[in-house]
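The structure appears right after this line, and notes come after that.
No hydrogens, no waters, no symmetry mates; every other heavy atom, side chains included, goes into these values. Residue numbers count from 1 along this sequence.
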Amino acid sequence: MNKPVFVNTTTTLQAEKELAEKLRELIQGVRWLQNWKIQSKSFDSDMKWDIAVGPGDRTAFVVECKAQLAPSQFLQFAQRRRQSVLDDAVPVLAMPRISERMAELCQAEGWGWFDLAGNCHLEIPGTLLLERIGHEPAPIAKSNEANLGTPESGRVVRALLAPENAGRLWTQRAVVDHFHSLPLPIPSPSLALVNKVVQYLRDQALIETLPQKGFRVSDPAALLQLWTKLYRFGRHIRRRYFTLLRDQAIAQRLLDIQVFLDLEASAHACLAFCAFSAANLQAPNVRQPRTWLFVAPEFESAVIARLEASPVDTGDNLVVLTPDDLGVFYGLERRSNSLACTNPVQTYVDLRHAGGRGDEAAEAVFLQCLKPRWSGIQR
């Protein structure tokens with residue numbers, strides 16, 4: 001008779017063995033922890049955790065080894081396992097690969113973590129902190145992982161994060177229909193893409209499914225940080241210009257151009273303050289000498305002529321970005337007596353990649369424009 005082969009069990013046992021060895025390596029790398037013992041669970045053991053670690057007979061860390069675990073599964077898993085934590089021991093999650101999102105969730109719940117690459121965060125408050133990051137993690141299959149760095153995925157993320165949509169209940173079809181209803185000609189993402197993005201964000205514990213059969217963003221700040229890392233600012237064509245016009249004259253001429261274009265039925269999303277110039281209106285914090293604009297390619301020559309600007313290699317005071325996708329014009333903030341600004345979400349991600357004091361300006365936009373609107377749905 002053929003013997004059954006338990007593939008999942010074999011994979012888990014192999015992962016436990018490799019992770020126990022990696023933990024031993026991490027502990028032995030700290031000279032004053034040489035007297036610590038690492039005990040692994042055996043088949044005849046009554047241990048409730050895969051690994052127990054500590055000095056002598058004391059247990060400092062209890063480790064649960066997983067071959068894989070999605071961030072969306074972590075909170076329920078952590079609550080269930082917390083009931084069996086020994087005394088003051090710190091629970092630790094060990095996996096072949098720990099994503100940044102999983103690491104954030106572990107630390108938020110008071111868990112330590114480590115992976116096979118040697119990245120770790122093992123902390124006993126007030127006593128020990130062993131933290132190593134930056135090692136290239138083990139590769140994983142990404143066939144079902146949405147790429148949030150593409151223009152199409154970016155449109156979905158903008159809609160989910162826009163402060164005017166904070167707390168909104170969505171369905172996948174509603175996301176598609178939302179773009180069809182916009183007054184601006186921003187291409188709608190396909191239903192298949194929306195499905196892929198939503199599934200990925202659900203796995204990352206960034207959106208939650210609601211009883212009404214819809215979903216909403218549950219952790220907008222974390223989603224913003226994830227998208228910021230994947231956002232490809234370099235895909236926009238950046239040109240430098242110089243004009244003798246002063247700030248006030250530039251602003252007035254841009255407003256005149258916007259008023260004219262709004263009268264044209266074929267011209268909608270085409271021109272907006274972005275980056276530092278948008279932040280100067282949305283959350284004034286950083287002063288810098290340039291005007292930053294997003295301009296649709298078909299209107300760039302007309303805008304440059306109206307601003308009497310000339311291309312330069314250095315000494316520019318006008319930065320024109322030709323976007324790789326009209327999604328940058330999603331949710332423009334229109335103000336009286338001023339050119340429209342990019343949505344605060346767009347302003348934030350552009351600033352984070354713009355260099356200079358961009359991070360400082362982005363933080364002001366986050367604190368003044370985004371966080372207050374998201375406060376009711378923050379984790």
Consider only side-chain N and O atoms of [X] and [Y], and report whether a donor and an acceptor are under 3.5 Å apart.
{"X": "Tyr241", "Y": "Glu308", "result": "no"}
{"X": "Trp113", "Y": "Gln107", "result": "yes"}
{"X": "Arg352", "Y": "Gln225", "result": "yes"}
{"X": "Gln199", "Y": "Asn195", "result": "no"}
{"X": "Arg357", "Y": "Gln288", "result": "no"}
{"X": "Thr347", "Y": "Thr342", "result": "yes"}
{"X": "Gln368", "Y": "Gln282", "result": "no"}
{"X": "Gln204", "Y": "Ser72", "result": "no"}

Do side-chain atoms of [X] reach the backbone of [Y] as a donor and acceptor pair under 3.5 angstrom?
{"X": "Arg240", "Y": "Val319", "result": "no"}
{"X": "Asp115", "Y": "Gly118", "result": "yes"}
{"X": "Ser181", "Y": "His178", "result": "yes"}
{"X": "Asn119", "Y": "His135", "result": "yes"}
{"X": "Ser375", "Y": "Pro372", "result": "yes"}
{"X": "Ser188", "Y": "Val176", "result": "yes"}
{"X": "Thr243", "Y": "Leu245", "result": "yes"}
{"X": "Ser277", "Y": "Trp292", "result": "yes"}
{"X": "Ser218", "Y": "Leu206", "result": "yes"}
{"X": "Trp36", "Y": "Gly56", "result": "no"}

[X], [atom1]: over 12 other non-hydrogen atoms inside 6.0 angstrom:
{"X": "Leu191", "atom1": "CG", "result": "yes"}
{"X": "Glu104", "atom1": "CD", "result": "yes"}
{"X": "Glu164", "atom1": "CD", "result": "yes"}
{"X": "Asn337", "atom1": "CG", "result": "no"}

Practice task
Look at the aromatic rings of His353 and Phe233 and report parallel, tilted or perpendicular, splitting at 30° and 60°.
Solution key: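 Parallel, since the angle between the ring planes stays under 30°.
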Exercise for the section: Classify the ring geometry between Phe77 and Phe74 as parallel (under 30°), tilted (30 to 60°) or perpendicular (over 60°). Expected result: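 Answer is tilted, since the angle falls between 30° and 60°.
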Handout entry: Test side-chain hydrogen bond (donor to acceptor under 3.5 Å, both in side chains) applied to Glu300 and Thr322, step by step
Key = CA-CA 8 Å; Glu300 182 174 354; Thr322 303; 3.1 Å; yes
Locate the shortest heavy-atom distance separating [X] from [Y]; write the atom from each residue and the value.
{"X": "Asn317", "Y": "Pro289", "answer": "CB-O, 3.8 Å"}
{"X": "Ala94", "Y": "Leu19", "answer": "O-CD1, 3.5 Å"}
{"X": "Leu130", "Y": "Cys120", "answer": "O-SG, 3.7 Å"}
{"X": "Thr171", "Y": "Lys213", "answer": "CG2-O, 4.4 Å"}
{"X": "Arg238", "Y": "Ala354", "answer": "NH1-O, 4.2 Å"}
{"X": "Ala52", "Y": "Thr59", "answer": "CB-CG2, 4.2 Å"}

Exercise for the section: May I ask you to check whether Phe179 and Tyr330 place their ring centers less than 6.0 Å from one another? Expected result: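 Between Tyr330 and Phe179, which both carry aromatic rings, the centre distance is below 6.0 Å.
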Exercise for the section: Please check if the distance between the ring centroids of His121 and Phe114 is under 6.0 Å. Expected result: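 No, the ring centres sit 6.0 Å or more apart.
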Practice task
Flag the pair Asp219 and Arg101 as a salt bridge only when some basic side-chain nitrogen lies within less than 4.0 angstrom of an acidic carboxylate oxygen.
Solution key: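 Salt bridge between Asp219 and Arg101, a charged N being under 4.0 Å from a carboxylate O: yes.
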Less than 4.5 Å apart, any side-chain heavy atom of [X] and any of [Y]?
{"X": "Leu105", "Y": "Glu109", "value": "no"}
{"X": "Leu161", "Y": "Arg158", "value": "no"}
{"X": "Leu281", "Y": "Ser338", "value": "yes"}
{"X": "Leu339", "Y": "Leu293", "value": "yes"}
{"X": "Arg335", "Y": "Cys341", "value": "yes"}
{"X": "Leu26", "Y": "Arg132", "value": "yes"}
{"X": "Tyr348", "Y": "Leu224", "value": "yes"}
{"X": "Leu23", "Y": "Ile51", "value": "yes"}

Practice task
Let me see the working for Arg202 and Glu208 under salt bridge (charged side-chain N to carboxylate O under 4.0 Å, His left out), right down to the final yes or no.
Solution key: CA-CA 6 Å; Arg202 184 181 291 115; Glu208 60 182 343; over 6 Å; no
Exercise for the section: Would you please test Phe215 and Leu201 for side chain to side chain contact (heavy atoms under 4.5 Å, CB included) and show each step? Expected result: CA-CA 11 Å; Phe215 66 89; Leu201 297 182; over 6 Å; no
Handout entry: Derivation and outcome, side chain to side chain contact (heavy atoms under 4.5 Å, CB included), residues Val90 and Glu123
Key = CA-CA 8 Å; Val90 176; Glu123 181 177 10; over 6 Å; no
Let me check something: do [X] and [Y] share a hydrophobic cluster, defined by ILVMFWY side-chain heavy atoms less than 4.5 Å apart, either directly or through other members?
{"X": "Leu169", "Y": "Ile207", "result": "no"}
{"X": "Leu129", "Y": "Trp32", "result": "no"}
{"X": "Val349", "Y": "Ile237", "result": "no"}

Practice task
With Arg81 as the cation and Trp111 as the aromatic partner, state whether NZ or CZ is under 6.0 Å from the six-membered ring centre and within 45° of the axis.
Solution key: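 No, Arg81 does not sit over the ring of Trp111.
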Problem - Arg168 charged N/C atom sitting above Trp170 aromatic ring, 6.0 Å / 45° - result: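 Checked: cation-pi criterion met.
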Problem - Worked check of side chain to side chain contact (heavy atoms under 4.5 Å, CB included) between Ser40 and Asp50 - result: CA-CA 6 Å; Ser40 297; Asp50 297 319; over 6 Å; no
Handout entry: Derivation and outcome, side chain to side chain contact (heavy atoms under 4.5 Å, CB included), residues Val157 and Leu148
Key = CA-CA 8 Å; Val157 175; Leu148 299 188; 4.2 Å; yes
Problem - Separation between SG of Cys65 and NZ of Lys22, rounded to the nearest 0.5 Å - result: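 Answer for the SG-NZ pair, Cys65 versus Lys22, is 13.5 Å.
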Problem - Evaluation steps, salt bridge (charged side-chain N to carboxylate O under 4.0 Å, His left out), between Asp88 and Arg58 - result: CA-CA 10 Å; Asp88 296 327; Arg58 177 171 171 259; over 6 Å; no
